[in-house]
Amino acid sequence: MTHLLHLHHGSFTHSNAICHNLPNYSIILPHQQSLLQRGKHASSQRCQASSTKRVDYVELHSSPDKVKIQGEANLNVLPCVQSLRDFPEDLSAKIVMVRIEVDVLLRAKQDQNTPLSSCTLSTIKHLYTSDAKIILVGNWSVTFDSEIPAVEFVAEYLSSLLQFKVVPVKLVPDSMQPHMEHKKESVLLLDNLSLFKEERANCSRFSKYLSLGVDIFVNDAFSLCHRILASTVGVANFCCSRVAGFHFEEDLCKLKEAFSCSKKPYVAIIGGGNLFEKAAALKSVASFCDGLVFVGNMAFQLMNALGMPVPMKLVEKRAVGEALGIIKYTKARSISILLPKDFWCRNNDFHAQMEIFPAGCIPNSWSPIDVGPHSMKEITSLLSVCKVDS
């Protein structure tokens, strides 16, 4: 049975970034509305980002459970998490921060063929009907009219989906507001965290500021849970309770089903990028699969490691060694790797212009956006003996 495994969901990373002399951050609502009771906050001139070395186990940072990966893959490689569904406490009047996948929701607005994540909305609606005070956090890069939308645009869109008001919130450096109250009827959306370098650095000071007054942290961004960010890892250290949202729980269940499948042949289709960060997860999947199909930017890293011509702009730093390790591992297990032979590409200057190029002959002025017809034919042929699990 073939499973489409989006392996950007699982990887093991490290971060050694250090932040110095960061500005103070204040949360500003339109018309200076109050929003959050400020808790204790120790000022600091230096903050050390969380540092996690590459190890041979996976730890879900918002969960107390550690599950080791050793040798052959099995169901126990996946962490056990506490779900919001089973949260024992009364949520009324609790301040709850929810990490959501904003890009997933925006893609549904951008393209009607993209399925809408109803479970993410269910998480927010559940908290709202439980009289919790909600702070939504996330980052987004989906563009509308060639521009990344402002927080006001996203908040309005979320309001239309949820059928209740979502208030946009600006994070403004060097603006001091020592006391703010969280308005009971408000659901708040913080500014795009991609705008702040402290988010990617998992800066402790920034994490502490984001989580001021927060009682419960709900991680509902499964596709980002492998990344060490202020909004996925840092804030969890400053909240009394950490649980998984309904969308997170649903995706984790799907992954567990994929890991527990015993039907053969078992082929994984792997896309995305950041191979260096995901190498441990890929080796784990390769330990029980009968074949691997690489698409997306991940495919170019294996091509580069094999000595095939690849545009330098597509080569990821530190990926060569890990790619060679994956190739060596699959060779030792005698399982096949299928790489695309051609790609649909878009002209960087004229986006409406599309052409098909062989994988090793993509001009610098063009960017690959999907596998080409020859590659699709090969993939279809490989999967013809498999049943695709949806």
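Keep in mind it's a predicted model, so treat the numbers as computed, not measured.
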**OP:** Look up atom CG in Asp131 and atom CG in Asp90, then write down how far apart they are to the nearest 0.5 Å.
**Re:** 8.5 Å
Original post:
Is any side-chain heavy atom of Tyr128 less than 4.5 Å from a side-chain heavy atom of Ile134?
Top reply: yes
Subject >> Pi-cation contact, Phe217 with Arg242 (under 6.0 Å, within 45°) >> reply: no
**OP:** Grab the two heavy atoms, one from Ser287 and one from Arg333, that are nearest each other, plus how far apart they are.
**Re:** O-CZ, 3.3 Å
**OP:** With Phe294 as reference, evaluate Leu338, Ile269, Ile270 under the side chain to side chain contact (heavy atoms under 4.5 Å, CB included) test and give the passing residue.
**Re:** Ile270
Original post:
When the ring centroid of Phe238 is compared with that of Tyr209, is the distance short of 6.0 Å?
Top reply: no
Original post:
Is there a donor in the side chain of Asn348 and an acceptor in the side chain of Ser367, or the other way round, less than 3.5 Å apart?
Top reply: yes
**OP:** Would you check if Trp344 and Met354 make a side-chain contact, meaning some heavy-atom pair closer than 4.5 Å?
**Re:** yes
Original post:
Heavy-atom distance under 4.5 Å between the side chains of Thr330 and Leu292, does that happen here?
Top reply: yes
Original post:
Are Asp103 and Ser141 close enough, and set up right, to give a side-chain hydrogen bond (donor to acceptor under 3.5 Å, both in side chains), and what steps lead you there?
Top reply: CA-CA 7 Å; Asp103 268 345; Ser141 58; 3.1 Å; yes
Original post:
Is the shortest side-chain N to carboxylate O distance from Arg85 to Glu249 below 4.0 Å?
Top reply: yes
Original post:
For the residue pair Leu314 and Pro368, what are the closest heavy atoms and their distance?
Top reply: CD1-CG, 3.9 Å
Subject >> SB check Glu199 Arg99 (cutoff 4.0 Å) >> reply: yes
**OP:** Could you walk me through whether Phe248 and Phe222 pass ring-ring contact (aromatic ring centres under 6.0 Å, His included), step by step?
**Re:** CA-CA 5 Å; Phe248 189 111; Phe222 186 72; 5.0 Å; yes
**OP:** Establish, from distance only, whether the side-chain atoms of Asn274 and Glu316 form a donor-acceptor pair under 3.5 Å.
**Re:** no
Subject >> CA sep, side-chain torsions, deciding dist, call: Tyr157, Leu106, side-chain contact (heavy atoms from CB on, under 4.5 Å) >> reply: CA-CA 8 Å; Tyr157 175 56; Leu106 290 179; 3.9 Å; yes
Subject >> Given Val154, Leu195, Thr143, Val142, the one that forms side chain to side chain contact (heavy atoms under 4.5 Å, CB included) with Ile148 >> reply: Thr143
Original post:
Got Leu324 and Leu302 here, is their nearest side-chain heavy-atom distance under 4.5 Å?
Top reply: no
Subject >> Enclosure of Glu147 CD (heavy-atom neighbours >12, cutoff 6.0 Å) >> reply: no
**OP:** Answer yes or no: are there more than 12 heavy-atom neighbours, outside Glu378 itself, under 6.0 Å from its atom CD?
**Re:** yes
Subject >> Verdict with reasoning, Val218 to Met97, per side-chain contact (heavy atoms from CB on, under 4.5 Å) >> reply: CA-CA 6 Å; Val218 177; Met97 175 171 284; over 6 Å; no
